[in-house]
Amino acid sequence: METNASPYPLRLTGELSPQLSRGLWLVKWLLAIPHFIVLAFLWIAFCVVSVIAFFAILFTGRYPSSLFEFNAGVLRWSWRVAFYSYSALGTDQYPPFTLADVPDYPARLEIAHPQSLSRGLVLVKWWLLALPHYLVVGVFAGGGWAVVTGSNSRLSLSVGLIGLLVLFAGIMLLFTGRYPKSLYDFVLGMNRWVFRVAAYATLMTDTYPPFRLDMGGNEPPTGSAPEAVPSMPEPATS
């Protein structure tokens, strides 16, 4: 039976550092503030670009390459910061301030630019088709909701499973200096699911995200097919 799953157009990888500081994770929220500020503006631009891309796909069936590369860069930057901070704690190497791919950074994200996209799917995939995934991503990543009671309102925040498990990993780092590999693999699988849904919902691919956890720091290269089982050699004849 074939057990290899076909790769998704978005490829997310993360290499767990063998030497992580026991206590640095306690202040990474402070060290990452410059990135959080820049990303806040980048995500505003990301939303604007996605709206422009929506109409471009609707009328032409194509995602303009310059817009696609910008949004891919925002996802790439976001993943590096997430990997460094509280979505993985996978490295102590400070993330670079760039939209470009950085091959020597331990966290990377690549997404193939599609030659064409469905004009009809663009109308429904970001809200209707992606709805089941939003429910899963909500569990993984958490979020917030407004609670209104009479004239009072407040914002409640929920901690997702990723944040909770990364907190456990940080506590284990603090006391043992170790990051359990099985825990890391599970965290990476959830992050991979979240970013796949983000790419699909923001119109960067028509390939529906799979309902599966591809755990671990690596995944099959984009566009590769599972290797065939080699045949047994024919016996030599004299």
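Just the heavy atoms: all of them, side chains too, but no hydrogens, waters or symmetry mates, feed the values below.
- Under a 4.0 Å N-O distance rule, the pair Arg192/Glu219 qualifies as a salt bridge.
- Proximity of Arg11 to Ile111: side-chain heavy atoms (C-beta onward) are nowhere separated by under 4.5 Å.
- With sequence neighbours excluded, the residues satisfying side chain to side chain contact (heavy atoms under 4.5 Å, CB included) with Pro114 are Phe68, Leu117.
- Looking at residues two or more places apart in sequence or on another chain, you find a side chain to side chain contact (heavy atoms under 4.5 Å, CB included) between Ala53 and Tyr63.
- Under a hydrophobic-cluster definition in which Ile, Leu, Val, Met, Phe, Trp and Tyr are linked whenever side-chain heavy atoms come within less than 4.5 Å, directly or via other members, Ile37 and Leu42 are assigned to the same cluster.
- Looking at every heavy atom in both residues, Thr207 comes nearest to Thr205 through N-OG1, 3.1 Å.
- By the side chain to side chain contact (heavy atoms under 4.5 Å, CB included) test, Phe168 pairs with Leu164, Leu165, sequence neighbours left out.
- At distances below 3.5 Å, not a single donor-acceptor pair connects side-chain atoms of Asp92 with backbone N or O atoms of Leu20.
- Checked against side chain to side chain contact (heavy atoms under 4.5 Å, CB included), Leu31 has the following partners two or more places apart in sequence or in another chain: Leu24, Val27, Tyr84, Tyr94.
- The shortest heavy-atom contact between Thr176 and Met172 is OG1-O, 2.5 Å.
- Although no hydrogens or angles enter the test, the distance criterion places a donor-acceptor pair under 3.5 Å between the side chain of Trp126 and the main chain of Val122.
- Judged purely by atom type and a 3.5 angstrom limit, His113 has no side-chain atom pairing as donor or acceptor with the backbone of Glu69.
- Closest approach of Ala88 and Leu188 over heavy atoms only: CB-CD2, 4.4 Å.
- Legend: side chain to side chain donor-acceptor pair (under 3.5 Å) pairs involving residues 46-60, not counting sequence neighbours, sorted by first then second residue: Ser50-Asn71.
- Taking the side chain as every heavy atom from C-beta outward, Met190 and Val137 never approach each other to under 4.5 Å.
- Trp77 is linked by a side-chain hydrogen bond (donor to acceptor under 3.5 Å, both in side chains) to His35, counting only residues two or more places apart in sequence or in another chain.
- In this structure, Leu129 and Tyr208 approach most closely via the heavy-atom pair O-OH, 2.6 Å.
- Without hydrogens or angle criteria, Tyr86 side chain to Trp29 main chain gives a donor-acceptor distance under 3.5 Å.
- In this structure, Leu174 and Trp25 have side chains that are in contact, with non-hydrogen atoms separated by less than 4.5 Å.
- Taking Tyr105 as the reference, nothing meets the ring-ring contact (aromatic ring centres under 6.0 Å, His included) condition, with sequence neighbours excluded.
- Listed by chain and residue number, Ser78 satisfy the side-chain hydrogen bond (donor to acceptor under 3.5 Å, both in side chains) test with Trp43 (two or more places apart in sequence, or in another chain).
- Side-chain heavy atoms closer than 4.5 Å link hydrophobic residues (I, L, V, M, F, W, Y) into clusters, and following such links, possibly through other members, connects Leu128 to Leu123.
- The local environment of CZ in Phe175 is sparse, with at most 12 non-hydrogen atoms from other residues, nucleotides or ligands closer than 6.0 Å.
- Residues satisfying the side-chain hydrogen bond (donor to acceptor under 3.5 Å, both in side chains) criterion with Arg80, sequence neighbours excluded, are absent altogether.
- Among residues two or more places apart in sequence or in another chain, the salt bridge (charged side-chain N to carboxylate O under 4.0 Å, His left out) test is passed with Arg76 by none.
- Under the 4.5 Å side-chain criterion, counting only non-hydrogen atoms from C-beta, Tyr179 is not in contact with Ser17.
- Residues satisfying the ring-ring contact (aromatic ring centres under 6.0 Å, His included) criterion with Phe186, sequence neighbours excluded, are absent altogether.
- Partner of Val49 under the side-chain contact (heavy atoms from CB on, under 4.5 Å) criterion, out of Ile44, Val74, Leu67, Thr202: Leu67 alone.
- Atom CD of Gln93 sits in a crowded spot, with more than 12 heavy atoms from other residues, nucleotides or ligands closer than 6.0 Å.
- Judged as a side-chain hydrogen bond (donor to acceptor under 3.5 Å, both in side chains), and not counting sequence neighbours, Ser85 has no contacts.
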